[in-house]
Structures are given as C-alpha cells and as structure tokens.
Amino acid sequence: MGVISTDSPDSAAAATARPAMARVPLARTLVFGAVALLLFLLVVLPFGWVLNNSFHDDITGTWTLGNYARIFQSVDLLEPLFNSLLLAVATAVIAVGIGVPLAWLVSRTDLPFRRTIRVLTLTAFVTPSFIGATGWILLAAPNSGWLNALWRSLAGAEAGPLLNIYSMTGAIFICGIYTVPYSFTMVSSALDEMAVELEDAAATLGSGTLRTMLSITIPLVTPAVIASFILSFIQGLTLFGVPAFLLTPTGIPVVTTKLAEFYQLFPPEIYMAAAYCMPLLLVTAMLFWMRRRILGRKQFVTISGKSRAGRRIALGAARWPAFGAALLLPLVSVFLPYAALLLVSLTRAWGQGLSWENLSLHWYWWALFGNSETHTAIVNSLLFSTLAATMCVMLGTVVAYIVERRMVVGASLLGAVATVPIIIPGIVMSVGFFAAYTRAPLNLYGTPLLLVAAFAATFLPIAYAHGGSILKGIGPELERAARSLGAGEGRTFLSITIPLMGGGLLSGWFLVFIPIIRELSVAVFLITPKTNVMTTLIYNAKDGGNYEAVCAMSVLLLLITLALVAAAGPLTRLTTVRRTSRKSGRKTAPAEGVLPT
C-alpha cells in the first residue's frame, strides 16, 4: 500500500526556501562581522594606540599627562605648531586663490587650449610635492640654483641670490603650487555639473562677466570651494617631504619633521610622538566640524529642468592674457622642475655643468640594473601599491554596498568608521600603525603587510566615497529580481552589482593607486631596508647629496605614475564599452525565459 504525501507543491517550496532564508541572516552577520573586524584593525586600533600612548611616559611607561604639559610649556614644541599652521593657511589660500579662478577659466570660458591646461594641471596633481621640491632646489638653491646663477650673470657676481628655496616662503610656494590641483579639480567638477540658467539670466539683465562670476557662479560652488580649502589646509599641515627637504636644512621645524625627530632619538620618544600627533588631529577634526556648521543648514541647489548648456563666456581681448596667466601654474609646477630633474639625471656629475662629455644614461642604468636597493624599491612600490589599492577598493566597495543597501542594522556606523581616516593625517596613521603592530604578538615591523595595511587604511575614504557614488546611480531592481529567482546575496553582488559598477571600480582603483605609489608620510616610520619604496628611497638618498641618483629615481617614479594615469582612461572606457555592449546584447537578444525590462 503506497504512502500518500499530504504536502502540496507550495508547502514543499516553502520548506525548501526556509533553510535558505535562515542562511541569509547568518551570511549577512558573517560579512558584517568580517568587515567590522577589518575596519577595527585598520582604523580603530591604530588610532586607539596613538591615543593610549599619548598618556604614557617614555621612560617609566606609567600613565601621565606630562606629554601634553610638555607640549604647551616648551617653546621648542610650540614653534613647530605655529609654523605648521602658517604653512597650512598659506597653502590653502594659494590653492583656492589660484585653483578657483583657473577652474572657472577652463570650465566656463573660451580660454584657448583649455584641455591642455587641464591636462597639465592634473600632471601637477600626480607629481609628488617632494619631487617638485627637489626640482626647485636645483633651480633656486641660493648658491648653486640655476636661476640664481643666471641672475648673477646678469646682475654681477657680487649680487646676492634672487631666490632662496630653503625658506618658509619657498616651502609655502612648493606646497601651494602642488596643492592647487586639489582645488582646481573639485571646483571644475562642480562647475561642469552646474546648470547655466542663472548665469544667462544675470547676463541678460546686464551683469558683467566678473560680476556674474562673483555673485552667481562662485556662490553656487561654495561647498566645493570650502571642501577644497579644507583639503588644501590639511595637505599643508601634514606634508612631510617638502618641509624635510626645504626647512630642515635651515632649522625651521614643523610638526611633521618634529615627529621624525622623536623617532630618531635614542631611545626614541614614541609616547611623546603620539601626544604630539593630537594637535594635528584636533585641527583637522575642527575644520570638518566647521564645514558642517557652515553648510549644514544651507542648500546650494539650482532648480532647473534643463541640462547644462555648452555656452562659453567670451573673454574677448583678454583671451590670450588669460591663457598666459593660466600657463604660469604648469610652468612652475611641471615644465621647470621636470626639466631640471631630467637634465641633472642625464649628467654623470651635476657640478661639471652641461656638456656633451658630461651627458650620460649612467644613473638610469644604475637605478634599474646596477643598484639592488633601487630595483627592490621599484618592485616594492608597484607590488605594495597594487595590493593596497586592491584591498582598499574591495573593502570600500563592500562597506559602501552595505551602507547604501542598508543590509544590516548599524550599517551607517561602518560608513562612519570608513570615513574617519579622512580627518587623520597620514603621518598620524603611520604613528598609529607603528604603535599597534610593531609589538607582540603580531610584531609586523619590517613586513610588507604593515605597509600595505597602512596605505589601505589611509586612502580607504576615497574608495568608500567612490563606491558609494557609483552605487547611488545603480537601482536595486535587478538585485531584487535576482534574489527573487533564488540567487543568494553573495552571488547577486558578484554577478549583478559588480558588473554594473564596471569601469567605475577600475577608475576607483587608479584613483587610490596613484596617491599610494607617491605617498611618503605614511611610509616614513614603517619602512626597513627590505621594504623600502621609491618615495622613501628618494628621501633617504637626498640626505646623501647624490642629486644625480635622486633625480634619476624621481624621473622613473614620475614616468611610472604618468604611464598609469595615461592607461587609466582607455582601460576605464574599454571596460565601460564592454559592459554597455553586454547590456545591449541582452536587450536585443534576451535569453530564453528572461523577460527584458
């Protein structure tokens, strides 16, 4: 006698689905836990160790407030703070004062060769500022600089130097010109996305070009201007390479070089260095708080049903003078320093002057084949930057997905933690990783993992913000459809969401990779001879005075960086085209059983 089942097909399907539904919360919990653990290890733990160490004495190891008391009672420690603030304010003023008008000229006017000016400005963006400082040492050192030598040939041998790059003015100049691209990029992007109806209306009512720019255009991009000022300020406050190259030889201290001094003492004052990081952190946190207070209750939105027009403001007779002014930034940030670096790198001995007998490729051969340290540093730079950028983009994208899709309760907390490094200067992150991971039980000092993790943590906010901006433009409908057909959340994310993000992820990877490969502040306290990267090798070689080798290594680093920038655009476009082609193919020839939407 047969057994008759009383289960209906619907109940069987429900019974099959229940285990799958039960697995979903567990999978979410595991992913959330893994992401939370990584964020804790990369962000919370290093900062926690900095804070903890700042309250301990270097000699006794006991808890104390003496480190903070020493900061505010010692002139030797207050002077670097004031110098850093001066450098940061001047850098931000120069960056905004030059970057905003330049962005307006390129984005809004009929300036000749606008695209060329944009490309040259972005070239300055990918140039490490300490390499730019090296180029200007060759040009404007008070005794040996070429521009000063030219000045003496014109004014007489007894004339004093026309320029002195070894000064606070010189450091402000270098920091300023290599920070202008931050302001230019942010403001030009805002201008490119902004509608022009209000500008047209102002022009129709008789407003002049300058008045329209000051009363309409600039106020509408105020958030970008403020953000660029803050970012430029932080750059000036936290840069290490430029002050180390230009101010340390003249005895002008800033916070970042003073931190290096604490580590160079014997025994090193690690706990004092942790306390000395706190003013940097407080200043950057206060700036972001002020930005939120200023912009929090204001709206900067143009309500319009039209898309941005392609109209350009006619400069008339001012076109070519404006072009000449716009060309000044590439001249001082790209052409002159690049030419100086290239010429010195091609001479066997810089002091013998330029002659056919002195021209040689010796130092490039030395850097690529004749010096094992340089070869190791090049390989390390490419390897560490690749691993760190990949780790950064993967973690940032997953966090952005959890936050944007609200996968779990408390997802916004993950986003907040992923954003925190934006207010933590790179050199503070370096101090934090040194404190957290150079002790038992991990004791990662001298390992590639320490550098990779520090790089990934420092630039995580970029990857997270970039991933979030991409996901905001991708509706969740296809993901819901895939899950309704039985695909798990992991499979949906990998087979639907990631392909839709496509070229955006690749561009985000380059956006993180490029600043990592030219980063010095994060690596300076964490490297060993075996984990040297190009930036730290150049920094260390500069102290030896071998400028021919320094210039050759600097040119190689610039060539690698510029080649990657040149490859980023075509690769991103190719990825986007392939993704679009696959989409188009699915629409014209849908698979069996799939209804096109």
K.L.:
For Leu81, what residues pass the side-chain contact (heavy atoms from CB on, under 4.5 Å) criterion, not counting sequence neighbours?
P.N.:
Ile71, Leu78, Val255, Tyr276, Pro279
K.L.:
Is the closest side-chain donor-acceptor distance between Thr397 and His466 under 3.5 Å?
P.N.:
no
K.L.:
Which heavy atom of Asn67 sits nearest a heavy atom of His56, and at what distance?
P.N.:
ND2-O, 2.8 Å
K.L.:
For atom CD of Glu373, decide whether the heavy atoms of other residues, nucleotides or ligands shown that lie under 6.0 angstrom number more than 12.
P.N.:
no
K.L.:
Please say whether more than 12 non-hydrogen atoms of neighbouring residues, nucleotides or ligands are located less than 6.0 Å from CG in Leu559.
P.N.:
yes
K.L.:
Would you check, one step at a time, whether the test side-chain contact (heavy atoms from CB on, under 4.5 Å) holds for Ile527 with Leu451?
P.N.:
CA-CA 7 Å; Ile527 57 97; Leu451 273 172; 3.8 Å; yes
K.L.:
Taking the ring of Phe240 and the ring of Phe130, is the distance between their centroids below 6.0 Å?
P.N.:
no
K.L.:
Would Arg518 and Phe459 count as a cation-pi pair here, with the cationic atom under 6.0 angstrom from the ring centre and within 45° of the axis?
P.N.:
no
K.L.:
Checking side-chain polar atoms at under 3.5 Å, does Thr64 have a donor or acceptor matched by the opposite partner on Thr62?
P.N.:
no
K.L.:
For the atom pair CG (Leu280) and OG1 (Thr238), what is the distance rounded to the nearest 0.5 Å?
P.N.:
7.5 Å
K.L.:
Any side-chain heavy atom of Phe288 within less than 4.5 Å of one from Ile234?
P.N.:
yes
K.L.:
Under 30°, 30 to 60°, or over 60°: which ring-plane class applies to Phe434 and Tyr445, parallel, tilted or perpendicular?
P.N.:
perpendicular
K.L.:
Any side-chain heavy atom of Ile427 within less than 4.5 Å of one from Phe525?
P.N.:
yes
K.L.:
Give the minimum heavy-atom separation between Val75 and Pro80, together with the two atoms involved.
P.N.:
O-CD, 4.4 Å
K.L.:
Any luck finding a side-chain donor-acceptor pair between Thr536 and Asn532 under 3.5 Å?
P.N.:
yes
K.L.:
For Ser333 and Tyr178, does a side-chain donor sit closer than 3.5 Å to a side-chain acceptor?
P.N.:
no
K.L.:
Just wondering, do Leu382 and Met534 contact through their side chains at under 4.5 Å, heavy atoms?
P.N.:
no
K.L.:
With a 4.5 Å cut-off on side-chain heavy atoms, are Leu259 and Val428 touching?
P.N.:
no
K.L.:
Return the set of residues passing side chain to side chain donor-acceptor pair (under 3.5 Å) with Arg70 (not counting sequence neighbours), or none when no residue passes.
P.N.:
Glu269
K.L.:
Measure from the side-chain N and O atoms of Ser183 to the backbone N and O of Val180, and report whether any donor-acceptor pair falls under 3.5 Å.
P.N.:
no
K.L.:
Is there side-chain contact between Thr458 and Ile424, with heavy atoms separated by less than 4.5 Å?
P.N.:
no
K.L.:
In terms of relative ring orientation, are Phe433 and Tyr437 parallel, tilted or perpendicular, with 30° and 60° separating the classes?
P.N.:
tilted
K.L.:
Would you call Glu79 and Pro253 a side-chain contact if the rule is heavy atoms closer than 4.5 Å?
P.N.:
yes
K.L.:
Should the heavy atoms of other residues, nucleotides or ligands under 6.0 Å from CE of Met394 be counted, would the total exceed 12?
P.N.:
no
K.L.:
May I ask you to test the Cys392-Phe455 pair for a side-chain heavy-atom distance under 4.5 Å?
P.N.:
no
K.L.:
Kindly indicate whether the side chain of Phe125, heavy atoms from C-beta on, has any atom under 4.5 Å from the side chain of Phe184.
P.N.:
no
K.L.:
CE/Met168 to CD1/Ile252 distance, rounded to the nearest 0.5 angstrom?
P.N.:
5.5 Å
K.L.:
First locate atom OG of Ser228, then atom OH of Tyr182, and finally report the distance between them rounded to the nearest 0.5 Å.
P.N.:
12.5 Å
